[in-house]
Amino acid sequence: MFALCDCNNFYASAERLFRPELNGKPIVVLSNNDGCVIARSEEAKACGIKMGDPEFLVRDLIKKFGIEVFSSNYVLYGDMSERVMHNLARWFPKLDVYSIDEAFGWLGGIKGLQHYIPEVRKSVVRNTGIPVSIGVAPTKTLAKLANKLSKKTNGVMVLDNDEKITAAVKEFPVHDLWGVGRQHYKKFEALGIRTAAELRNMPEMWFKQNMTIMGQRMWNELWGRPAIPLEVMREVKKGITVSRSFRNYIEDPGVLAEALTLYASRLAEKLRNEKLRCLYLQVFLYTNKNREDHPQHFPSHTHKLLIASNSTTDLVSIAVRVSARLFRPGVKYRKAGVIATGLVPESELQLNAFYDHDHGKKDVVSAVLDKLNLAYGRGTLRMATEGYEKKWRLKHEYLSQGYTTRWSDIIKVK
DNA sequence: TCTGGGGTCCTAGGACCC
DNA sequence: TCTGGGGTCCTAGGACCC
C-alpha cells in the first residue's frame, strides 16, 4: 500500500504559521515577479481567487476582501518542507519525496491503517504546524485520488479493498486524475467520459493508443495493479535550470547579457552545490506569448562543452556569447534561462587530450567565489558583466522574512 | 502596464555506426 | 521494378507534474 501525504495550501500555510493573526483570514502567495497566484488559503479560495490567476486581474478582489498578499519566499518553504519530510520519514519504511509539499510513503506490512494514518497526520501537524492530508491505496495513482478525496473529509482516506476503490472512482472527475492534463481531458470530454470509473472501463489498448505507454500505466494503476514504482533515490537529476522573467522587457543585447550572466552564475553555483559538472549548456529566450501584437521569438541553442564544467567563468562566457547570437533587434524579450544537461559527478572528470586544460585553476577561483559569497551574502563577488543597475530584476514586493533561516529574522517572544 | 519556475517522461526523426 | 537490419546518440516537441 502507498500513502500520498500532501501539505494543505503549503505556501499559504507556511506564511501563516509565522503570522498567527492571519488565521481564518484569506491569504494568497504570488509566483516570482509577483506575476500570478500560486497558493491560496481556504478563505481566499472562497473569495473566488483561482489557481494561476494573474495578480493584476484579481487586484479588485484582493482589495474588496482584504486578502493578505505574499511574494514567494522559497527559502522559507524549502526549510518548512524539510521539516515535514523529516517527520514523515519516521512513520514509513520508505519515503519517496515527490515535490516540495508531497511525498509517497510505502507502508510495507503495517497493519491497522485506519488508526495508524490519523496518528501520522496528527504527529506532523503537531511537530511542524503544517496541516497535511493523507490518502492510502494499493497504487500511486489511487493514492493521489484518495488524497484528493481526503481533503473533503477529515484529512484521511484509506482505500484498502475493492469495494472502497470502486466507490471512490465512481463519481471522481477525470480531470482531477493524476496524469490527466488539458489535452487528454479534451479527448475524454469528446468521448463523453466524465468519471474515473468510466475511464477505467475503456480497454487497455485504447489507453496505449491514445495516451502512449503512460496511459497504459494509468489503466493498470486505476485497477489497483502498481505500474509506477516508488523512487527513493530521486535526487539523481537529469538537468538543472535557472530561468526568470524580467521585470520589464529587454530590448538591448547588453542588458540581456547582464541577465544571462546572473543566471549562468547561479547555475554554476547550483552545479557546485550538487557536486556536478555539465557537458551541455542550453540558452533560451522568450517573448511574451500573451501579447499578440508583439513579434514572437523563442530561440534556443545548446552548446556542447569540450570538458564538463561547473565554473562560473566558463558558463557565463558561453551563456553571454550564445545569447548575443540568439538576440534579434526590435524584439521585446520577457524571459531567459540556462539549462545544464549531460550532468557528470565532479569526481569523474573526463579530460580532453586535445584541449589545454587548466589543471584545476578554475576550481580554485570557484571555491573562493563560493566561500566569500557564503560568508558575506550571495552576490558579494560576481562577474562584472552582471551589471550594476539591474532594472530587469524580479519584482518581490510582498516578501516575508526568513523566519527559520536567518538569525535576524527569528521571531522574538515577549 | 501587469500572466512563474523547475522538473519528468515519451515519441519521432535525423545522423551516424557496423 | 526490385537497395538490409540493428543499433546509438542527439534534438525537438508534446504532455504532464507541482
Side-chain angles (χ1 to χ4, degrees), chain A residues 4-11 28-39 50-60 62 69 71-74 77-78 81 96-104 140-141 144 147-148 175-188 207-218 227-229 231 234-249 263 266-267 270 274 279-280 282 284 286-294 298-304 332 334-343 394-397:
Chain A
L4 190 266
C5 316
D6 176 284
C7 303
N8 301 343
N9 315 326
F10 181 51
Y11 299 166
V28 297
V29 179
L30 302 178
S31 62
N32 263 330
N33 228 16
D34 294 342
C36 43
V37 175
I38 54 168
K50 288 194 285 300
M51 188 67 173
D53 277 347
E55 184 269 343
F56 73 95
L57 289 181
V58 293
R59 207 167 281 162
D60 289 344
I62 288 171
V69 178
S71 301
S72 306
N73 184 344
Y74 287 106
Y77 312 149
S81 172
D96 170 0
V97 177
Y98 179 63
S99 76
I100 194 163
D101 73 331
E102 267 181 53
F104 287 101
K140 280 183 161 184
T141 303
K144 289 281 286 190
N147 178 274
K148 272 238 161 102
H175 58 258
D176 281 346
L177 277 174
W178 192 40
V180 175
R182 272 229 305 282
Q183 301 306 315
H184 287 144
Y185 178 60
K186 243 191 266 172
K187 202 175 281 177
F188 301 160
F207 276 82
K208 179 135 195 224
Q209 279 159 10
N210 286 278
M211 302 165 70
T212 76
I213 197 163
M214 310 286 275
Q216 197 174 16
R217 279 179 205 154
M218 181 188 292
I228 306 171
E231 287 176 52
R234 199 174 279 283
E235 62 266 27
V236 274
K237 284 191 191 158
K238 310 267 162 67
I240 299 180
T241 306
V242 174
S243 76
R244 298 277 181 281
S245 300
F246 312 128
R247 177 184 290 245
N248 323 98
Y249 294 114
Y263 302 168
R266 283 288 301 122
L267 185 63
K270 279 188 175 185
E274 309 239 355
L279 270 168
Y280 298 93
Q282 185 183 350
F284 65 87
Y286 281 178
T287 43
N288 185 351
K289 62 180 184 305
N290 297 304
R291 288 293 299 262
E292 284 169 18
D293 53 327
H294 287 183
F298 304 94
S300 144
H301 177 78
T302 306
H303 178 97
K304 188 176 194 311
K332 295 176 192 300
R334 188 76 232 290
K335 174 176 175 173
V338 281
I339 307 175
T341 53
L343 305 182
L394 280 183
K395 203 155 84 181
H396 255 158
E397 278 173 25

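Numbered from 1 within each chain, the chains take letters A, B, ... in sequence-line order.
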Restricting to ring-ring contact (aromatic ring centres under 6.0 Å, His included), what partner residues turn up for [X], sequence neighbours left out?
{"X": "A:His294", "value": "A:Tyr249"}
{"X": "A:Tyr280", "value": "none"}
{"X": "A:Phe246", "value": "none"}
{"X": "A:His301", "value": "none"}

Looking at every strand, decide which applies to [X] at a 4.0 Å heavy-atom threshold: base, sugar-phosphate, or nothing.
{"X": "A:Ile100", "value": "nothing"}
{"X": "A:Asp53", "value": "nothing"}
{"X": "A:Lys144", "value": "sugar-phosphate"}
{"X": "A:Gly239", "value": "sugar-phosphate"}
{"X": "A:Glu55", "value": "nothing"}
{"X": "A:Asn33", "value": "nothing"}

Using whole Å, what does the distance between atom [atom2] of nucleotide [N] and atom [atom1] of [X] come to?
{"X": "A:His396", "N": "B:dG5", "atom1": "NE2", "atom2": "P", "answer": "9 Å"}
{"X": "A:Leu177", "N": "C:dC16", "atom1": "CG", "atom2": "P", "answer": "12 Å"}
{"X": "A:Tyr77", "N": "B:dG6", "atom1": "OH", "atom2": "P", "answer": "15 Å"}
{"X": "A:Leu394", "N": "B:dG5", "atom1": "CG", "atom2": "P", "answer": "7 Å"}
{"X": "A:Tyr98", "N": "B:dC9", "atom1": "OH", "atom2": "P", "answer": "10 Å"}
{"X": "A:Gln282", "N": "B:dG7", "atom1": "CD", "atom2": "P", "answer": "13 Å"}
{"X": "A:Tyr286", "N": "B:dG4", "atom1": "OH", "atom2": "C1'", "answer": "12 Å"}
{"X": "A:His294", "N": "B:dC2", "atom1": "NE2", "atom2": "C1'", "answer": "12 Å"}

May I ask you to evaluate whether [X] reaches the phosphate of [N], defined as a side-chain N or O under 4.0 Å from OP1 or OP2?
{"X": "A:Tyr249", "N": "B:dC2", "answer": "yes"}
{"X": "A:Arg291", "N": "B:dT1", "answer": "no"}
{"X": "A:Lys238", "N": "B:dC9", "answer": "yes"}
{"X": "A:Ser245", "N": "B:dG5", "answer": "yes"}
{"X": "A:Lys335", "N": "B:dG4", "answer": "no"}
{"X": "A:Thr241", "N": "B:dG7", "answer": "yes"}

Self-check item: Residue pair A:Met218, A:Trp178: steps toward the side chain to side chain contact (heavy atoms under 4.5 Å, CB included) verdict
Solution: CA-CA 9 Å; A:Met218 181 188 292; A:Trp178 192 40; over 6 Å; no
Quiz item: So which one's nearest nucleotide on DNA chain B is more toward 5', A:Asn288 or A:Lys270?
Solution: A:Asn288
Quiz item: Quick one: on DNA chain B, does A:Gly52 or A:Arg244 contact a more 5' nucleotide (nearest heavy atom)?
Solution: A:Gly52
Find every protein N or O atom lying less than 3.5 Å from an N or O atom of nucleotides 10-12 of chain B, and list the pairs.
unit_1 : atom_1 : unit_2   : atom_2 : d
B:dC10 : OP1    : A:Arg217 : NH1    : 2.9
B:dC10 : OP1    : A:Arg217 : NH2    : 2.7

Residues that [X] engages under salt bridge (charged side-chain N to carboxylate O under 4.0 Å, His left out), provided they are two or more places apart:
{"X": "A:Lys332", "value": "A:Glu251"}
{"X": "A:Arg266", "value": "A:Glu269"}
{"X": "A:Asp60", "value": "none"}
{"X": "A:Lys335", "value": "none"}

Self-check item: Partners meeting side-chain contact (heavy atoms from CB on, under 4.5 Å) with A:Lys50 (sequence neighbours left out)
Solution: A:Asp53
Quiz prompt | Nucleic acid contacts of residues 180-188 of chain A, taken as heavy-atom distances under 4.0 Å to DNA chain C | solution = A:Val180, A:Gly181, A:Arg182, A:Gln183, A:His184
Self-check item: A:Glu274 and A:Lys270 ion-paired at < 4.0 Å
Solution: no
Quiz item: Taking atom types as modelled and ignoring hydrogens, do the side chains of A:Asp34 and A:Ser71 form a donor-acceptor contact shorter than 3.5 angstrom?
Solution: yes
Quiz prompt | Degree of bending in the helix from B:dG5-C:dC18 to B:dC18-C:dG5 once both end axes are built from five pairs, to 10° | solution = 0°
Quiz item: Using the ring of each side chain (for Trp, its six-membered ring), is A:Tyr11 parallel, tilted or perpendicular to A:Tyr77, with breaks at 30° and 60°?
Solution: parallel
Quiz item: Given B:dG4, B:dG7, B:dC2, which nucleotide is nearest the side-chain atoms of A:Lys237?
Solution: B:dG7
